[in-house]
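Each remark here refers to the structure printed beneath this line.
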Amino acid sequence: MKKLVVLVVFIIFIVGCSNVKIENNNKISEEKESYLAIKNELNAKKEYISSDELPCNVTISIDRINREEVSYRAIIDDPKVNMYNVKALLIHDYFTEDIFPSIGIFDDPENLIIGSEEVKGISLVGYIETTKNIEELNLNIKLYIEYTDDEGNINKVYYKLDNTKENTI
């Protein structure tokens, strides 16, 4: 009788653990598909908004960290409208095997609220392994921002950095 109880408990334990693993794999698969869809959509986009039309301030910088590495960064802050459930992705067209920096796709989205002291901004930082000068990279940096406004509308913003000759835009 004891063996039967132990066997039943063991089977329940195995079945319970396998369901958790499948559920986690499905979530990771959905996040990966979402990331790739956004990346492909941003790459295929032909028209981008100007910096004046952005719903927030966006500061993009490209800096050399050491002889073999360059960092690129986008800081999203000072919202002009309340931005809930913010998702963002920062990409470039230089060869890399790394994942591009994002928020709200593989992790929880953030809220950028006018005058909020809780979350003052979002920083997306990525790195490129190269010994080339920044000017020689000729990077095309693109930023995707998705957010929900006060009326519940989902807004998608596509922004492209036009001039990478300067370190900060």
Side-chain angles (χ1 to χ4, degrees), residues 24 27-94 96-130 133-135 137-169:
N24 285 341
K27 184 177 185 213
I28 291 169
S29 180
E30 288 172 15
E31 291 168 344
K32 183 178 174 184
E33 286 176 24
S34 176
Y35 168 85
L36 291 173
I38 292 170
K39 179 180 163 261
N40 291 337
E41 186 178 343
L42 184 55
N43 267 328
K45 196 73 174 168
K46 299 291 182 213
E47 293 183 24
Y48 301 91
I49 67 170
S50 69
S51 58
D52 296 337
E53 298 173 286
L54 288 168
C56 54
N57 285 343
V58 172
T59 305
I60 297 178
S61 62
I62 305 165
D63 300 297
R64 175 149 306 279
I65 296 178
N66 57 44
R67 289 186 356 212
E68 299 170 353
E69 199 168 37
V70 170
S71 75
Y72 59 100
R73 170 187 326 241
I75 298 172
I76 305 166
D77 62 1
D78 195 22
K80 299 172 187 169
V81 297
N82 290 330
M83 301 170 68
Y84 304 98
N85 299 317
V86 175
K87 294 180 182 179
L89 177 64
L90 183 65
I91 67 170
H92 58 77
D93 59 351
Y94 195 79
T96 185
E97 292 182 6
D98 294 336
I99 188 168
F100 292 110
S102 67
I103 186 84
I105 300 171
F106 294 105
D107 52 0
D108 294 331
E110 293 284 346
N111 296 327
L112 289 176
I113 309 300
I114 297 172
S116 173
E117 294 295 320
E118 189 173 316
V119 176
K120 294 187 178 189
I122 298 169
S123 180
L124 303 173
V125 181
Y127 302 93
I128 300 171
E129 291 184 27
T130 183
N133 290 330
I134 292 172
E135 295 81 18
L137 292 175
N138 198 23
L139 288 177
N140 288 312
I141 295 182
K142 300 175 185 177
L143 176 64
Y144 169 85
I145 304 172
E146 179 183 313
Y147 67 94
T148 305
D149 60 22
D150 286 330
E151 287 80 38
N153 299 318
I154 296 175
N155 299 279
K156 294 182 179 183
V157 175
Y158 302 90
Y159 178 69
K160 181 179 178 183
L161 178 64
D162 290 323
N163 184 0
T164 60
K165 301 293 184 208
E166 301 177 29
N167 279 359
T168 305
I169 307 300

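Hydrogens, waters and symmetry mates are skipped; everything else that's a heavy atom, side chains included, is used. Because the structure is a prediction, the values reported are computed rather than measured. All residue numbers refer to positions in the sequence shown, counting from 1.
Note: Cys56 SG to Met83 CE = 4.0 Å, rounded to the nearest 0.5 Å. Here the CG-CG distance, from Leu143 to Leu90, works out to 6.0 Å after rounding to the nearest 0.5 Å. Ile62 contributes atom CD1, which lies 6.0 Å from atom CG of Leu161 (distance to the nearest 0.5 angstrom). To the nearest 0.5 Å, atom CD1 of residue Ile91 and atom NZ of residue Lys142 are 5.5 Å apart. Put simply, CG on Asn85 and OG1 on Thr148 are 5.0 Å apart, with the number rounded to the nearest 0.5 Å. Atom CG of Asn40 is separated from atom NZ of Lys45 by 14.0 Å, given to the nearest 0.5 angstrom.
For Asn133 (side chain) and Glu135 (main-chain N/O), no donor-acceptor pair under 3.5 Å exists by modelled atom type.
Other residues, nucleotides and ligands contribute more than 12 heavy atoms inside 6.0 Å of the CD atom of Glu53. Around the CD1 atom of Ile114, the shell of radius 6.0 Å holds more than 12 heavy atoms that belong to other residues, nucleotides or ligands. Atom CZ of Arg73 has 12 or fewer heavy atoms from other residues, nucleotides or ligands within 6.0 Å. At most 12 non-hydrogen atoms from other residues, nucleotides or ligands lie less than 6.0 angstrom from NZ of Lys32. Atom NZ of Lys87 sits in a sparse spot, with 12 or fewer heavy atoms from other residues, nucleotides or ligands closer than 6.0 Å.
Side-chain contact between Val86 and Ile76: absent, with no pair of heavy atoms (C-beta onward) separated by less than 4.5 Å. Within the 4.5 Å cutoff, the side chain of Ile49 has heavy atoms near those of the Val157 side chain. At a threshold of 4.5 Å between non-hydrogen side-chain atoms, the residues Ile128 and Thr96 do not count as touching. Residues Tyr144 and Glu146 have side chains in contact (heavy-atom distance under 4.5 Å, counting atoms from C-beta outward). Put simply, the side chain of Asp150 reaches to within 4.5 Å of the side chain of Asn82, judged on heavy atoms.
Checked against the 6.0 Å centroid criterion, the rings of Tyr35 and Phe106 qualify as a close aromatic pair.
With 3.5 Å as the limit, one finds no donor-acceptor pair spanning the side chains of Glu31 and Ser34. With no hydrogens or angles considered, no side-chain donor-acceptor pair links Asn111 and Tyr147 at under 3.5 Å.
Annotation: side-chain hydrogen bond (donor to acceptor under 3.5 Å, both in side chains) contacts of Asp77 (sequence neighbours excluded): none. With sequence neighbours left out, Asp78 forms a side-chain hydrogen bond (donor to acceptor under 3.5 Å, both in side chains) with Asn57. Annotation: ring pair (Phe, Tyr, Trp, His ring centres under 6.0 Å) contacts of Tyr94 (sequence neighbours excluded): none. Take Glu129 and apply the salt bridge (Lys or Arg N to Asp or Glu O under 4.0 Å) test, not counting sequence neighbours, and it matches no residue.
In this structure, Glu47 and Tyr158 approach most closely via the heavy-atom pair O-CB, 4.4 Å. Residues Asp63 and Ser61 approach most closely at OD2-OG, 3.6 Å, considering heavy atoms. Nearest approach of Leu124 to Ser102, heavy atoms of both residues: CD2-C, 3.6 Å. The shortest non-hydrogen separation linking Leu89 to Ile38 is CD2-CG2, 3.7 Å. Between Gly126 and Pro101 the shortest heavy-atom distance is N-CG, 3.8 Å.
Each ring-ring contact (aromatic ring centres under 6.0 Å, His included) pair with one or both residues in residues 44-78, not counting sequence neighbours, appears once here: Tyr72-His92. The side chain to side chain donor-acceptor pair (under 3.5 Å) pairs that include a residue from residues 113-127 are Glu117-Lys120, where partners are two or more places apart or lie in different chains.
Here the rule is side-chain contact (heavy atoms from CB on, under 4.5 Å) with Tyr159, and of Ile60, Ile141, Ile145 only Ile60 fits it.
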